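Note that the structure is a prediction, hence the values are computed from the model and not measured. Proteins come first, then strands; the chains are lettered A, B, ... in the order of their sequence lines, and each starts at number 1. Heavy atoms only: backbone and side chains are in, while hydrogens, waters and symmetry mates are out.
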4 protein chains.
Amino acid sequence: MINPGKMKAAVLMAPDVLAVREVKTPKPGPAEVLVRVASCAICGSDLSLMAHPWPGQPPYGEFIPGHEYSGVIAALGETVDEFRVGDRVAVEAHYGCGRCRNCRRGNYTSCLNYGKREKGHRANGFTTNGGYAEYVVNHVNTVYPIPDSVGFEEASLITNLGCVLYGFETVGGFIVGDRVAVIGPGPLGLISVEVAKALCAGKVYLIGTRASRLQVGASLGADRLIDVNREDAVQIIREESGGIGADLVIESSGSAQGLQMAIAMTKRMGKILLLGFPEEPVAADFASLAKDNKSIFTVRGEGWGNVGRAVSLLASGRVDLKPLVTHSFPLEKIEEGFKTFRERIGGAVKVVVKPNEDIGKSAR
Amino acid sequence: MINPGKMKAAVLMAPDVLAVREVKTPKPGPAEVLVRVASCAICGSDLSLMAHPWPGQPPYGEFIPGHEYSGVIAALGETVDEFRVGDRVAVEAHYGCGRCRNCRRGNYTSCLNYGKREKGHRANGFTTNGGYAEYVVNHVNTVYPIPDSVGFEEASLITNLGCVLYGFETVGGFIVGDRVAVIGPGPLGLISVEVAKALCAGKVYLIGTRASRLQVGASLGADRLIDVNREDAVQIIREESGGIGADLVIESSGSAQGLQMAIAMTKRMGKILLLGFPEEPVAADFASLAKDNKSIFTVRGEGWGNVGRAVSLLASGRVDLKPLVTHSFPLEKIEEGFKTFRERIGGAVKVVVKPNEDIGKSAR
Amino acid sequence: MINPGKMKAAVLMAPDVLAVREVKTPKPGPAEVLVRVASCAICGSDLSLMAHPWPGQPPYGEFIPGHEYSGVIAALGETVDEFRVGDRVAVEAHYGCGRCRNCRRGNYTSCLNYGKREKGHRANGFTTNGGYAEYVVNHVNTVYPIPDSVGFEEASLITNLGCVLYGFETVGGFIVGDRVAVIGPGPLGLISVEVAKALCAGKVYLIGTRASRLQVGASLGADRLIDVNREDAVQIIREESGGIGADLVIESSGSAQGLQMAIAMTKRMGKILLLGFPEEPVAADFASLAKDNKSIFTVRGEGWGNVGRAVSLLASGRVDLKPLVTHSFPLEKIEEGFKTFRERIGGAVKVVVKPNEDIGKSAR
Amino acid sequence: MINPGKMKAAVLMAPDVLAVREVKTPKPGPAEVLVRVASCAICGSDLSLMAHPWPGQPPYGEFIPGHEYSGVIAALGETVDEFRVGDRVAVEAHYGCGRCRNCRRGNYTSCLNYGKREKGHRANGFTTNGGYAEYVVNHVNTVYPIPDSVGFEEASLITNLGCVLYGFETVGGFIVGDRVAVIGPGPLGLISVEVAKALCAGKVYLIGTRASRLQVGASLGADRLIDVNREDAVQIIREESGGIGADLVIESSGSAQGLQMAIAMTKRMGKILLLGFPEEPVAADFASLAKDNKSIFTVRGEGWGNVGRAVSLLASGRVDLKPLVTHSFPLEKIEEGFKTFRERIGGAVKVVVKPNEDIGKSAR
């Protein structure tokens, strides 16, 4: 039933305590739509914000997390003609205030009014309610139609792909022929391998410690796997490049070692993109960075409309997110889903939760 | 025989008169190599410079044209350790002086000392001798190793691919999901279709007047063919984009009509890349350009090392130049080759000349 | 009196017919402010849209033009804490819908929903009411505080400066030492001279036909004046640059001759910025453009927050707009103001209209 | 006497041992000039390479350091028509090989053949002989004419200005209205203050520990001095920017504290430029960097022809390097010059050595 006034949702009741409860179904404002959620993927940041509230997070007992989701348009705000009820869609999390200096320049994921609902900002699953629910409200800006060829499950991973694309655009894009090293075979690292290949990188290295994850990377197109427990990644890349190093290094392990390797293996005048980062300060060799004219770029979320580009990439088949979706749970079993993701049970990469199993099942 | 002191070459004796003669084999300077030519492709600019001398062109009776060639390293200058004799290579035409303001910034195809041999500039096949010969001297900067998987014939078309890549880089690269329109299904237009697809464009239009050429474009990946004799290209692209227009329009027809269509079909804030141009001034709608914040970019040659990227792209199989090589002639029959190219006999797209048929044959 | 329910405004009743009438004072929405107008400058585009309605223009009898104005905050929308009543402010015209692909990327002056009020777009003085009135409503995005050192009259010219800055940013900024040629000594051309000097251009040429206007340019910092009735601008710039040409040419005359000169005097690999344009198609030498790797950039309005940068530049004294304000009229005499501007009576450059003479007078 | 076969020069005989000796005067090659040195400034890197040899440094007993110098053209290589004997000139240190992938793209200060003389690379004062001598040979690429209004002493500091400009260009240029913080009031920091002001920064902070140096910064245009022994720089900048932070932070102290402050005071989506760096790895807050989408840029030398821009800036008077030249010594007293610089005797900022006192004196 569409929009019956009440819906089921996983509400954060206390640190690390999610409860599936019946709550009021939200109503879309003039420029918003109501999305009936097919699939909502668990992200590492969910673990973090469930343990300790992030800035702007709503209070316990009210907040519904989940920012990576897909679904079907269930209702339209009054000015919305960009969509029709029934449209299959994916979403992005960040909706900037539209009035700060960053939003004004298109940098809405770096909104300076982050968390200020009254200024218009919303980040579903962070500062406003998200996708571990039957329904969720999105501003039209954050909604992208997906073709029938893209399944809901992979579509719920699309912010990951959007984030990686935002990173590639941030470092200047146009990768044809470049030597790219990806450190850390987590979801963002694996997707980075795919995007580097899609953009015609000359050679893509995937560097990590877990053989099983490296193998996933191989199946997604990595040209050379380096297990740092057995090989010296910096030395290999130097040797294979005539001593020069990698044109672009993508650090997505979030470890001190990964960061240090990244700086060491980047070529003179090369670029480093951080998709992960250590929570605590770590020592880094800024002398190497500066002497060799290297630069470090970061990304916050999936900016500059790159979720739109991500839809195109999925639809073309040039990037495939399906292999990353290893597990699926109904909303009622969301706790089991989180446990599976956190403990990587059964080689879990990405775990999705399905609040409306009918659409979750019917579509691919 | 390698470097026997004499070689055969096609010398430009007078306007539009090429004579195959025996001339002295050139010797490489300290930073140069001698290339034994396997394949040299005929380019539209050859027709032009043979009809009327271009700036900096050597005198009749001395000048050997041909700037699109591949071959094998036959001898090394004294400081060259970047190559070994026997290496299979492709080349680019432009070697900047290295001392003008443009070269200093890496814009060597736009060298401000163009044609000044004494300042170090050379452009083989334009201002210095080129590839319609058994041997030719190249500065190491202009030589790129090619893997065995890339045949000599397609390798001799590599400056075309380098030029298109330079264009894509010039307009800012990163095409994922963009709507790209290519006007003019000549070699550069057809390669633009391939590159747009390789860079994950969302939809690629190929616009022209000749059905056979459009069909070549379809086989190379164009999503939508528009025969302007039968359809209104501007209207189609507007309609299919919700009235917005194309993100990037590549004009390679060199016609007034193509240029005018390009401006009309580009979206607000979109980009136009000129790979062709009308020789005479033509009327253009600058009001549309300015009111809609569109920009026009051009490229001169195959700059910024993009021939290196082109080699990578060919080696990966993501772009294929073989379908463009429709005819091949030995050096002795170069006049027949030019006639075939000029008159498009047998549906000719690119015609190659092979000064050394042994290597022309042995490799793919 | 602040916001008394009724106000005086110049309403466009028919083509080229403005009538000063009493109308309802508008009320600011939640994210909007009410501006009490001190000075509203007449722009060339006012002449055009008064003659023939522009896209999205409100009907005759309702529409108040005027998009270049300054004033004082008179009332605040409910979510506005960026301003206080009494703040002195300047404005920009364009407020994008915030939901199209261009706005999403920060390109709000090129909004794809231009003129669609229901989608959120507004362009005061074009598609919504403007500043030839005692009061006008602005979204907070389009309002910038000005320090006491900046007078209201020059502040009402700030979109001109914002537009020029947007142009300099569009072509890539960082002009230190560059050779810059400005064609057309109208307001945008004169301001371009000032900005080029402020950004440390090496030499700035001002090219035009009217000696008096050229002299204004000299007083604003132009290093070399070229009267095209007496000198050959292309030749002079070539000669003074060792044959190379100008790094950046800013065409603001809007004439065919200006455009043709611009292409001819730009150096190989140089840039052309169009701040003016001919309404009708004109012949241009695209062969020169393409052979010499030149590019053409345009700007639409004063994008990317450059009005904010303009305020800083005015406050610093590095750019001075006061010399451009040659005439001032009260709202009642707006017709005389337009006549003065149109016919350049008394050497008029910019003419301002002052709907509230008390603030128009009190501040500098 | 010009070029008499023998000249005096300061030769590095052993670690930290300079001896003024008579050596053979060098001869310029075909594309080189001989410079008669008027002034050669001591740089911090001189101290470092004299203590421990840098990569590619010539052996003790042969090597003449000194890379910041100015002088007069004394002789021309055979292909040089860019200069005439007697021209007053400044120089840059880096001359790339012109054949590696970085040089090919214009990134010659990051030459991948650094130190390989046989490949064409030279870096005077680092890998080839420098300016602590009566004469030195320079490739024409590295020589810039200076007008009479620019004195030799300040001209010998021009690589410092070129380096800072290269930094501003690297971070994207166009600083109008931006909030810029400079950490470390050494020569590069002080020049950064000047350049930020020249490019119309909105507000420039200078942050340091030594009151006297901060005062120099104030005289050069810093808007706000912050003595970190007495004030909290991060807090001040946050407060003055409404909690947002600085748009651009230039770290030139080379200290761990400076680096950490830089990351902390940069706004979300802001940029950090490293002009100094700690020799040893230091802990940095990459979580802050990544969460707030900040980027770190570095520069190596004075690339992209920015010494040419620096000459223009000096000639215009918009930047003044004379206040930085606090001490001057003849070549014979070079040891005393180094002592003065190292120990900052008499408040030394930059110390210059004058191998030819006649030209050192005659010109300003």
Side-chain angles (χ1 to χ4, degrees), chain B residues 45 54-55 100-103 105-112 114 166 170-171 177 241-245 247 251 254 256 258-260 262-263 267-301 303, chain C residues 45 54-55 100-103 105-112 114 166 170-171 177 241-245 247 251 254 256 258-260 262-263 267-301 303:
Chain B
S45 53
W54 280 24
C100 72
R101 274 180 65 203
N102 281 353
C103 281
R105 298 282 304 228
N107 303 315
Y108 54 87
T109 62
S110 286
C111 177
L112 298 170
Y114 185 90
Y166 180 37
T170 292
V171 299
S241 60
I244 290 174
D247 297 288
E251 204 313 282
L259 189 67
Q260 289 151 357
I263 292 175
K267 77 170 233 216
R268 189 168 284 170
M269 206 78 193
K271 296 169 182 175
I272 297 160
L273 171 65
L274 299 189
L275 295 182
F277 53 85
E279 281 294 336
E280 299 303 314
V282 297
D285 184 356
F286 289 97
S288 162
L289 198 79
K291 283 179 179 168
D292 280 342
N293 224 338
K294 305 168 186 176
S295 40
I296 299 181
F297 296 89
T298 68
V299 289
R300 183 180 161 95
Chain C
S45 52
W54 280 25
C100 72
R101 274 179 65 200
N102 280 353
C103 282
R105 297 282 305 228
N107 303 315
Y108 53 87
T109 63
S110 286
C111 176
L112 297 170
Y114 186 90
Y166 180 37
T170 292
V171 300
S241 59
I244 289 174
D247 297 289
E251 203 313 283
L259 189 67
Q260 288 150 0
I263 293 174
K267 76 170 231 214
R268 188 169 284 171
M269 204 80 192
K271 295 169 183 175
I272 297 159
L273 171 65
L274 299 189
L275 295 182
F277 53 86
E279 282 293 337
E280 298 304 313
V282 299
D285 184 357
F286 289 96
S288 163
L289 198 79
K291 282 179 180 168
D292 280 341
N293 222 336
K294 305 168 185 174
S295 40
I296 299 181
F297 297 89
T298 69
V299 288
R300 182 180 161 95

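- Between B:T109 and C:N293 there is a side-chain heavy-atom pair separated by less than 4.5 Å.
- With contacts defined as side-chain heavy-atom distances shorter than 4.5 Å, the pair C:R105/B:M269 does not qualify.
- For the pair B:F277/C:L289, no side-chain contact is recorded, criterion being any heavy-atom separation below 4.5 Å from C-beta on.
- The shortest heavy-atom contact between C:K294 and B:T298 is O-OG1, 2.9 Å.
- Using a 4.5 Å cut-off between heavy atoms, C:L259 contacts chain B through its side chain alone, with no backbone atom that close.
- Heavy-atom distances place the side chain of B:K267, and not its backbone, under 4.5 Å from chain C.
- Ring geometry for C:F297 versus B:F297: interplanar angle over 60°, hence perpendicular rather than tilted (30 to 60°).
- Contact between C:A287 and B:P278 at its shortest, heavy atoms only, is CB-O, 3.5 Å.
- Contacts of B:R101 with chain C are made by side-chain atoms alone, with heavy-atom separations under 4.5 Å and no backbone atom involved.
- Of the atoms belonging to B:C111, it is backbone heavy atoms, and not side-chain ones, that fall under 4.5 Å from chain C.
- For the residue pair B:D292 and C:R300, the shortest heavy atom distance occurs at OD1-NH1, 3.6 Å.
- Atom NZ of B:K291 sits about 6.5 Å away from atom CH2 of C:W54, to the nearest 0.5 Å.
- Separating the OG atom in B:S295 from the CG atom in C:L273 is a distance of 11.0 Å, to the nearest 0.5 Å.
- C:I244 contributes atom CD1, which lies 7.5 Å from atom CG of B:N102 (distance to the nearest 0.5 angstrom).
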